[in-house]
Every structure is written in C-alpha cells, then in structure tokens.
Amino acid sequence: LLARVCQHYQRNGQRYELIESIQTVCGHAEPPAPMQQLATWDVPGIFYLHFDGLMEEALKRARRRPRVLNRVDQSLPGEHAEPLLINVLGTLTQATSLVLSETDHEHLCWERLPQASLEVVDLIHQMGRGFLFLGLSPRAPLVRRLASLLEVGEASMQGPCFFVSTEATEVDAAYWKPFNVQWIHEEPAAVVEA
C-alpha cells in the first residue's frame, strides 16, 4: 500500500518532498526491543526490507560493525567481515537508494535483483546456509522475488528455510514447497525473544 501512496504522491515530480515527509516521520524512530535482540545474533547477514535504517542502528548499538549495502546490486571493497546488512529498499540516510514507489519496486524486482552483487550472491549461496524469514508476509511479491535467488531442487546445496508467520495458509505452504520451508506459526517478536 505504501508503494501505491508514494507512486501517487510523487506523480508531479516532487519526490524530494515525499522523501522529506518520510524522513520527518521515521527519522527519529528507535529500534524496537526485538530488533535490538536480533542485532546480537551471530548471523552472517541480514536482508532488511524497510528503509528506516533501524536495523543498522540496532547493529551499531549492539557494537556490531556491519558491512552495509544500500542496493542489492551494489558492491563493497575491502574485507568481508560479518554481518552483511543488505538494505533491500535502501535507507533514509542515502535518499538516492530509496525504493518507494511501485515503479521503484518493479525496477528493484526485475532489474536490480537479477544483477545482485557478488556479496549478495555469496551470502545466499554458501553451502548448507539456512534462511529465516521473519516479520514478512509469505505473499509479499518482494519476498517471493528475493526467494527466487535461493537454490531449489534435488541438487540444491541450500540449508533449511524457516518462515515465521501467523498468517501462512495451505496455499502459502504450496507456493513455498520447492524452497523446503518449515513453518513457525508464531509472532515474530515471540520467536526472537525465545
């Protein structure tokens, strides 16, 4: 819904006003407790699907020094320290990276994701690497498009996939079956706390 609102709002070429409005609303937000807890987990990377910058802030508060990509097709020079934070929709601190409108989302899904950087591909395709989908809808087009980067099939070297969702249905289970998803029917905050 937000992408539709942004598409409408920027129709007169006033994207800068849209970004200023979003920065005013989100600019002073604090990472919630579950996100602060998540930031302490020993994981190689996080795909963050919001542009508010709160995951990066939570990682800094946890004294983690993440490598940060603000575009999925961006590369980073230097050492490969963990964790890698991928701000899939960009970040408020770098306005040119923001994915806001429906047009932006289409560009991300159909142009940028197929051209994902080596850092993103390496993070995903490590042998035995598992994935946890947390706080996402199994029906969200962007989530499904991201999942297309995972390996599927008998020859897959992918580790297990877990999807935390209280709203998952049998139809969702059928869609996600090729990804060998194990469903956790709990609230994301409860899973993080546990």
Side-chain angles (χ1 to χ4, degrees), residues 3 32 34-51 54-56 58-59 62 64 66-76 80-90 99 105-194:
M35 189 178 291
Q36 294 273 46
Q37 234 176 328
L38 183 64
T40 65
W41 289 7
D42 185 18
V43 296
I46 298 171
F47 285 85
Y48 189 60
L49 273 66
H50 202 286
F51 49 74
L54 293 180
M55 190 73 243
E56 184 173 0
L59 286 164
R64 308 279 309 272
R67 292 181 303 138
V68 180
L69 294 176
N70 293 318
R71 289 175 51 131
V72 294
D73 56 352
Q74 176 186 11
S75 290
L76 285 175
H80 293 273
E82 294 179 349
L84 175 61
L85 172 62
I86 302 160
N87 289 317
V88 177
L89 299 179
V99 175
H105 280 264
E106 288 174 2
H107 181 68
L108 169 65
C109 286
W110 302 107
E111 294 175 31
R112 287 186 188 168
L113 276 172
Q115 300 298 321
S117 69
L118 185 58
E119 288 87 350
V120 172
V121 172
D122 282 351
L123 179 64
I124 293 170
H125 291 159
Q126 290 293 316
M127 186 169 65
R129 171 120 335 132
F131 288 86
L132 173 64
F133 293 91
L134 183 67
L136 305 166
S137 169
R139 290 179 291 284
L142 179 55
V143 174
R144 289 179 172 195
R145 189 70 179 133
L146 275 170
S148 72
L149 297 175
L150 299 173
E151 294 177 344
V152 295
E154 291 180 12
S156 171
M157 301 292 277
Q158 204 78 60
C161 287
F162 301 92
F163 210 118
V164 178
S165 175
T166 57
E167 64 185 62
T169 66
E170 291 301 316
V171 175
D172 297 317
Y175 177 88
W176 286 89
K177 185 176 173 120
F179 300 99
N180 197 23
V181 167
Q182 296 177 37
W183 296 94
I184 302 172
H185 297 281
E186 298 288 340
E187 290 294 331
V191 172
V192 171
E193 188 175 325

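Below, all heavy atoms of this structure are taken into account, side chains as well, without hydrogens, waters or symmetry copies.
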When rounded to the nearest 0.5 angstrom, what is the spacing between [atom1] in [X] and [atom2] in [Y]?
| X | Y | atom1 | atom2 | value |
| --- | --- | --- | --- | --- |
| H185 | S165 | NE2 | OG | 7.5 Å |
| I46 | M35 | CD1 | CE | 9.0 Å |
| L85 | F47 | CG | CZ | 10.0 Å |
| I86 | M55 | CD1 | CE | 12.5 Å |
| R139 | E167 | CZ | CD | 4.5 Å |

Check against side chain to side chain contact (heavy atoms under 4.5 Å, CB included), L142 and V99: CA-CA 11 Å; L142 179 55; V99 175; over 6 Å; no

Just by modelled atom types, is the [Y] backbone N or O under 3.5 Å from a matching donor or acceptor in the [X] side chain?
| X | Y | value |
| --- | --- | --- |
| Q74 | L69 | no |
| H125 | L149 | yes |
| D122 | E119 | no |
| Q158 | I124 | yes |
| Q115 | D73 | no |
| R71 | S117 | no |

State, to 0.1 Å, how close [X] and [Y] come at their nearest heavy-atom pair, and which atoms those are.
| X | Y | answer |
| --- | --- | --- |
| P178 | V152 | O-CG1, 3.3 Å |
| N70 | V68 | OD1-CG1, 3.5 Å |
| L89 | F51 | O-CB, 3.7 Å |
| L76 | R67 | CD1-CB, 3.7 Å |
| V121 | A116 | CG2-O, 3.9 Å |
| A39 | L59 | O-CD2, 3.6 Å |

Taking the side chain as C-beta and beyond, is there a heavy-atom pair between [X] and [Y] under 4.5 Å?
| X | Y | answer |
| --- | --- | --- |
| R64 | P83 | yes |
| L38 | L134 | yes |
| V143 | S137 | no |

W110 six-ring centre to R145 NZ/CZ under 6.0 Å and within 45° of normal: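 That pair qualifies as a cation-pi contact.
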
Neighbour count above 12 (heavy atom, 6.0 Å) for E111 CD: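 Atom CD in E111 is crowded, with more than 12 foreign heavy atoms closer than 6.0 Å.
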
Candidate pair T166 and E187, rule side chain to side chain contact (heavy atoms under 4.5 Å, CB included), full reasoning: CA-CA 6 Å; T166 57; E187 290 294 331; 3.6 Å; yes

Residue pairs, two or more places apart or on separate chains, that pass ring pair (Phe, Tyr, Trp, His ring centres under 6.0 Å) and touch residues 130-167: F133-F163, F133-W176, F163-W176, F163-W183

